[in-house]
Amino acid sequence: MPSVFIKTYGCQMNERDSEAVAAQLVARGWSLAKSENVADVVLLNTCSVRDFAEQKAIGKMQNIAADVRKNRPDVVLGFMGCMAQSRGRELIDKLPDVDLVLGTQKFHRAADYLDEIISGARKKIVDVAEEQGSEATIREHLLNGNAKKSAAAFVSIMQGCNQHCTFCIVPATRGEERSRTIPDIVAECRELVSRGVKEITLLGQIVTSYGKREKRDEWQVARDAAVLPPVTRHSSPVTPFVQLLDAVHEIDGLERIRFTSPHPKGYGDDLIDAYARLPNLCESAHLPVQSGSNRVLKLMHRGYTREKFLGIVKKLRAARPEIGITTDIIVGFPGETQNDFEETLSLAREVEFDNAYIFKYSPRRDTPAAEMPDQVPQKIREERNQRLLELVNEIAARKYEKFVGRRVQILVEGPSWKNPARMTGRTRCNKIVLFDGSDRHRGHLMYLKITRAGSFTLYGDPAIVNL
Ligand code: 5AD
């Protein structure tokens, strides 16, 4: 049977899609290759969020075509995911060595298409069509038989995004919002827990919009079938997303729940209340703010103001004082003045994010912002990036330092890639902790004492936890 190597660019949703494709192939008897140099099939799962990510994947494919294909002409090469979706056949025109272009609603077709190409039945396949029901197709996991068995798993709950932020290509690459049903998601989570999973991250492009577009009766059926807890437990109206959190929280043996990525607009009182009510919902939130300037937020079509955002942070911290808050920020959005940028700096100072992912604005095809006047020169984008990075690092260093001497719970994920003698895990507030451990710790929830803080990393010692 053939072997496959999948390289993933971009977000956690892409990681999850790659895992599902790998699991699908493993279920058919394929093996996972250690590198592109020994694989029969090489797939690049791509990201389109910034031009840089696209160029990286194209460059990689060019290298593979030149090196790997030269020595082994039968190697099958494919693009999948966001760039495959947005560029389609154009990718084969540009890179004639590519055999397969698989869109974001077609991951479940990977094994069939690869069989057809390998058997010679078809030479090239491009499938970037929409597919009804594709949201429920990302469900296979690699836990079984995987040497790196981990106690943390990702579950895809929805696909697509209807928010149409003016900078963002995602609605074009991932399509309209579509959600799986609660019983379907809960069944997958239960199965994972029965196989030893202790932490589940619910995934989607805009998870707080989960279930907003689905017909009400499906949810009613679920409630009648007693899969959902009764609504009367809540004081205010509850969004489908919070209903899902409630349902997943009922699963015995599931110790930790996370989700990503949400939209700040989805942080209504019901979700804040969920943080207060549900002990297994981890005290961490990734809240992409994008800008601290109301003028820019409006141009971005974000649907909230700086004040609204600050209000959410305040309520979250009131519900869970220990909560770790991270964010995404774009610098150099078209029309962003020095004054607007100062507002972003001041917001970062006010919130004190635990970490912020900073992106230099990158014009994307067919997005309104790419056509907006006053595009910010590259040099200024870089300067603002640098300035904000320094501030974010300085604040984070202070916050990490505060953990020294404290006792934290971590879920051990595996050896650190930098130093395999060290094990790595995450706190409930999503901070990485390293400690001298061994493989027997893998998959365990354990307590340790933090002895020192590094750059976005804590170091702990399990031996002195009670001292
Ligand atoms: N340019 C720069 N950053 C972008 N992001 C999305 N689109 C763009 C773009 N055109 C960033 C946003 C988003 C993160 C995943 O990527 O901050 O939250």
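Quick note: residue numbers are just sequence positions, from 1. Order of appearance sets the numbers: ligands from 1, and atoms from 1 within every ligand. Predicted model, so just to flag it, every value in this text is computed and none were measured.
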With sequence neighbours excluded, tell me which residues meet ring-ring contact (aromatic ring centres under 6.0 Å, His included) with Phe435. His441
For Glu15, enumerate each residue passing the side-chain contact (heavy atoms from CB on, under 4.5 Å) test, keeping only those at least two apart in sequence or located in another chain. Thr8
Contacts satisfying side chain to side chain donor-acceptor pair (under 3.5 Å) that involve residues 317-335 (not counting sequence neighbours) are Glu283-Arg320, His286-Thr326, His286-Asp328, Glu322-Arg406
Is the gap between the ring centers of Phe167 and His301 under 6.0 Å? no
Residue contacts for ligand 1, heavy atom to ligand atom, distance under 4.0 Å: Val49, Arg50, Phe167, Gln290, Asp328, Ile330, Phe359, Lys360, Tyr361, Ser362, Arg364
So does Glu54 pair up with Arg364, basic N to acidic O under 4.0 Å? yes
Using 4.0 Å as the upper bound for N to carboxylate O, is an ion pair formed by Glu383 and Arg387? no
